[in-house]
Chemist: 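Below are the structure tokens for one structure; questions will follow.
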Number of protein chains: 2
Amino acid sequence: MSFPRQYRRTLTERSSVAGDEARAKILAIAFELMAEKGYRGTSIAQVAARAGISQSGLLHHFPSKQDLLIAVIDYRQQVDSRTLTDAAGHPLLGWAAFDALAELVRKNSERPQVVRMFSTLCAEALDADHPAHTWIQGHFADGERTLVEAIEFGIADGTMHPDIPPATVAHLTLAIMDGLQLQWLASEGSLDMAGEFEAYLEYLKITWEIVEE
Amino acid sequence: MSFPRQYRRTLTERSSVAGDEARAKILAIAFELMAEKGYRGTSIAQVAARAGISQSGLLHHFPSKQDLLIAVIDYRQQVDSRTLTDAAGHPLLGWAAFDALAELVRKNSERPQVVRMFSTLCAEALDADHPAHTWIQGHFADGERTLVEAIEFGIADGTMHPDIPPATVAHLTLAIMDGLQLQWLASEGSLDMAGEFEAYLEYLKITWEIVEE
DNA sequence: GTCTATATTTTGATAGAC
DNA sequence: GTCTATCAAAATATAGAC
């Protein structure tokens, strides 16, 4: 299949290599800066300066500071997606979901920037006036729902004890992840975040796992 | 015992009622505002306006924005002190320390402002350039040390299983507290933070408590 | 102890040339 | 697509009167 020449031309022009490179560079620097200083602590002038572009040059790609924030959040979303899904895109259920979380924590312990971005923006976005407030509420709600479903499957499955309280274990598990991130960042990486989470998972299995004999 | 008149006079003047009231009002409003918007998101003009005083009037009591932040952190420190100590000021040890934490979580679940202040400033202060960076590092280090000592006492005491890993359990317990706070704030109080922490404590005791027969 | 006035930067954003 | 020039508002802080 081939496009008529005028459409081909349009496509080429819209995604010019130089343009995308500039956009990507701005986005990467905004990500880094907002991870460290938050949305409120980051100015578009700082981002522009580090990206080696003028402030107006930046605003050509992202018309406002909020647009830049949205792009940063979207980028993080992409980086993390499919973590709790299998190769076919189906959600992981039962203990597989918890093992995937342990895998995610291990992955995160090698990218402080991504962890920092979440911890910083998450706390900042607790404020109802923050542009990412809705995002963070959805993030927590999604996390809880996903884990609750995974646990309910584990009960039905016969691999988790029927007395396990799904919502409580979901809350505690997500709390451990977020809380360990704070300690890990504050300790400048000296805390073994992945190891501690795996220890938690081990105790969880001792308490609630049902193993076939 | 009585002071010579000139000293008495000095003491009276230094802590004039009107002055302390203004200071206290400014402090309360700064606390509230920084809890919501963080240090970077709060301007001294906003604090002054809400306190019904001019910007310069505020700066008479707190010479700079940083001084205001330090006062806010000190104030929180006072509110929370003696939580892990008994009436005589001695540290609580063994399971008593964990029970005191559960009590603290229950108390916190009735003062969102205090919780919000910690969660917001904690994340903001992860940045090495933040004026409260040293404070937050000390906060985490203190928390870990206190809990590790409490657990080691419990082992020596014979009330905790000798295989309990003190540092890991300390990290997980503090992580649960901080992580639950984020979820609780994001859910606008609909999550039962105290109940979930007590559930965690129950599992912890099932796993590690040694009960006399 | 509180005020008005002011200085100096920095902020987010726009207009318009190239 | 990137720039310079510019704007209006907001920021922290100081000086000095009362």
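In what follows, every chain begins at residue 1, and chains take the letters A, B, ... in the order their sequences are listed.
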Chemist: Once you round it to whole Å, what is the distance between P of D/dA11 and CG of B/Leu68?
Modeler: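 Going from B/Leu68 (CG) to D/dA11 (P), I get 14 Å.
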
Chemist: Rounded to the Å, how far apart are A/Phe62 CZ and D/dT2 P?
Modeler: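 Checked: the CZ to P distance equals 11 Å.
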
Chemist: Rounded to the nearest Å, what distance is computed from the CG atom of residue B/Asp67 to the P atom of nucleotide D/dT12?
Modeler: 13 Å

Chemist: Quick one, give me the B/S/- string for nucleotides 6-18 of chain C, reading 5' to 3', where B means a protein heavy atom under 4.0 Å from the base and S means that only happens at the primed atoms, P, OP1 or OP2.
Modeler: -----SBBBB---

Chemist: Is B/Lys205 salt-bridged to B/Asp99, cutoff N-O under 4.0 Å?
Modeler: yes

Chemist: Measuring centre to centre across the rings, with the benzene-like ring taken for any Trp, is B/Tyr203 within less than 6.0 Å of A/Trp208?
Modeler: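 Yes, close enough.
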
Chemist: Does a salt bridge link A/Asp20 with A/Arg23, judged by any charged N lying under 4.0 Å from a carboxylate O?
Modeler: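 Looking at A/Arg23 together with A/Asp20, the answer is no, because their closest N to O distance does not fall below 4.0 Å.
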
Chemist: Is the A/Tyr75 ring parallel, tilted or perpendicular to the A/Phe31 ring (thresholds 30°, 60°)?
Modeler: perpendicular

Chemist: Quick one: do the B/Tyr200 and A/Thr168 side chains pair a donor with an acceptor below 3.5 Å?
Modeler: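 Note: B/Tyr200 and A/Thr168 side chains miss the donor-acceptor criterion.
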
Chemist: Provide, to the nearest angstrom, the distance between the CD1 atom belonging to B/Ile53 and the C1' atom belonging to C/dT2.
Modeler: 7 Å

Chemist: Does A/His60 have a side-chain nitrogen or oxygen under 4.0 Å from the phosphate oxygens OP1 or OP2 of D/dC3?
Modeler: no

Chemist: May I ask you to decide whether B/Arg111 forms a salt bridge with B/Asp80, counting only side-chain N to carboxylate O separations under 4.0 Å?
Modeler: yes

